[in-house]
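Since the structure comes first, as structure tokens, the remarks are kept for the end.
In what follows, every chain begins at residue 1, and chains take the letters A, B, ... in the order their sequences are listed.
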Number of protein chains: 2
Amino acid sequence: MIRQSDKGNLKKLGSNIKRLREAKKLSLRELSYACDIDNSKISKIEKGQINITFTTILQLAKALEISPSELLMTEYD
Amino acid sequence: MIRQSDKGNLKKLGSNIKRLREAKKLSLRELSYACDIDNSKISKIEKGQINITFTTILQLAKALEISPSELLMTEYD
DNA sequence: ATAATTGCGGTCTAAAAAGGCCGCAGTTAA
DNA sequence: TTAACTGCGGCCTTTTTAGACCGCAATTAT
């Protein structure tokens, strides 16, 4: 499918994650270690290249020390 | 993979979605129509049987007329 | 009693995520 | 000027979601 409106939303999510990671001054590899997700995958997530699952959201939120809910705290289309 | 701790979290998410659907007095088929997701899939989601993606979360939130963030507003392990 | 609705499980295919590893430019530190 | 770190993209395999359709048992109307 890969609907067009989704692409923008994935980018928004990615930017938000990147913003939060940088706020904690973590490198991709450091966050990778903290949430047990390959650093290249996190890079793709931040770029909005993959449509992550709920459990991946939980892993990231935990490592970033925020609530899953907060991770999605953005306006989507 | 299907980690054990994830199962519980998926059930929590599912319960939350079910609660929100019932609060709006929608049947599975009605919600299905509203968010364009097959009713049998929604059933599985509510039962915690599948690990939905970010975009599916957006679809459900939209149909339930709440923010994606609110859809995840629960405590997870 | 009959008909409609509802939740839910099963089945199938195609598409995509998960998970992991490698390597390369570019930047930063030693 | 080396050495280390960083972001990032490609590649590969396995597992799972997405998406769609069918049918049934139970509940709820009519």
Nearest 0.5 angstrom please: B:Ile45 CD1 to B:Leu28 CG, how far? 10.0 Å
Could you check which residues of residues 30-43 of chain B get a heavy atom under 4.0 Å from DNA chain C? Sort them by number, please. B:Asn39, B:Ser40, B:Ser43
Mind checking side-chain hydrogen bond (donor to acceptor under 3.5 Å, both in side chains) for A:Ser40 and listing every partner two or more places apart, or none if nothing turns up? A:Asp38
Interatomic distance where NZ belongs to A:Lys25 and C1' belongs to D:dT6 [whole Å]: 16 Å
When you measure from every atom of DNA chain D, which of residues 50-61 of chain A have a heavy atom less than 4.0 Å away? none
Intermediate values then yes/no, side-chain contact (heavy atoms from CB on, under 4.5 Å), A:Leu60 and A:Ile57: CA-CA 5 Å; A:Leu60 288 167; A:Ile57 291 171; 5.9 Å; no
Using 0.5 Å steps for rounding, measure from the CG atom of A:Leu13 to the CD1 atom of A:Ile52. 5.0 Å
Can you give me the N/O atom pairs linking the protein to nucleotides 27-30 of chain D at distances under 3.5 Å, or say none if there are none?
none

By nearest heavy atom, map B:Arg29 and A:Lys18 onto DNA chain D; which one lands nearer the 5' end? A:Lys18
Partner set under side-chain contact (heavy atoms from CB on, under 4.5 Å) for A:Ala34, not counting sequence neighbours: A:Ala63
Review item, nucleotides 28-30 of chain C N/O atoms under 3.5 Å of protein N/O:
none

Can you pull the ring pair (Phe, Tyr, Trp, His ring centres under 6.0 Å) pairs that have at least one residue in residues 57-77 of chain A, sequence neighbours excluded? A:Tyr76-B:Phe54
Applying side-chain contact (heavy atoms from CB on, under 4.5 Å), name anything that partners A:Ser27, two or more places apart in sequence or on another chain. A:Arg29, A:Glu30
Can you check the B:Arg3 CZ to D:dT15 C1' distance for me, whole Å? 14 Å
Let me know which of A:Asn9, A:Asp6, A:Asn51 forms a side-chain hydrogen bond (donor to acceptor under 3.5 Å, both in side chains) with B:Thr55. A:Asn51
How long is the straight-line distance from NZ of A:Lys62 back to CG of A:Asp36, given to the nearest 0.5 Å? 11.5 Å
Can you give me the closest heavy-atom contact between B:Glu46 and B:Lys18, atom names plus distance? OE2-CA, 3.5 Å
Heavy-atom closest contact (A:Met73 atom, B:Ser69 atom, distance): SD-OG, 3.3 Å
Who are the side-chain hydrogen bond (donor to acceptor under 3.5 Å, both in side chains) partners of A:Ser43, not counting sequence neighbours? none
Residues in side-chain hydrogen bond (donor to acceptor under 3.5 Å, both in side chains) contact with A:Ser32, at least two apart in sequence or another chain: none
Side chain proximity check, B:Leu72 to A:Leu71, heavy atoms < 4.5 angstrom: no
Using atom CG of B:Leu28 as one end and atom P of D:dA20 as the other, report the distance to the nearest whole Å. 17 Å
A:Arg19: what forms a side-chain hydrogen bond (donor to acceptor under 3.5 Å, both in side chains) with it, not counting sequence neighbours? A:Asn16
Output yes when at least one side-chain N/O atom of A:Arg21 is less than 4.0 Å from OP1 or OP2 of D:dG7, else no. yes
Distance check needed: C:dA17 P versus B:Asp6 CG, whole Å only. 18 Å
Rounded to whole Å, CD of B:Gln49 lies from C1' of D:dT17 at a distance of 13 Å
Does B:Lys44 reach a base, just sugar-phosphate, or nothing at all? Heavy atoms under 4.0 Å. base
Quick one: closest heavy-atom pair of B:Lys12 and B:Asp77, and the distance? NZ-OD1, 3.7 Å
Between the axis at one end of the helix from C:dA1-D:dT30 to C:dA30-D:dT1 and the axis at the other (five pairs apiece), what's the angle to 10 degrees? 50°
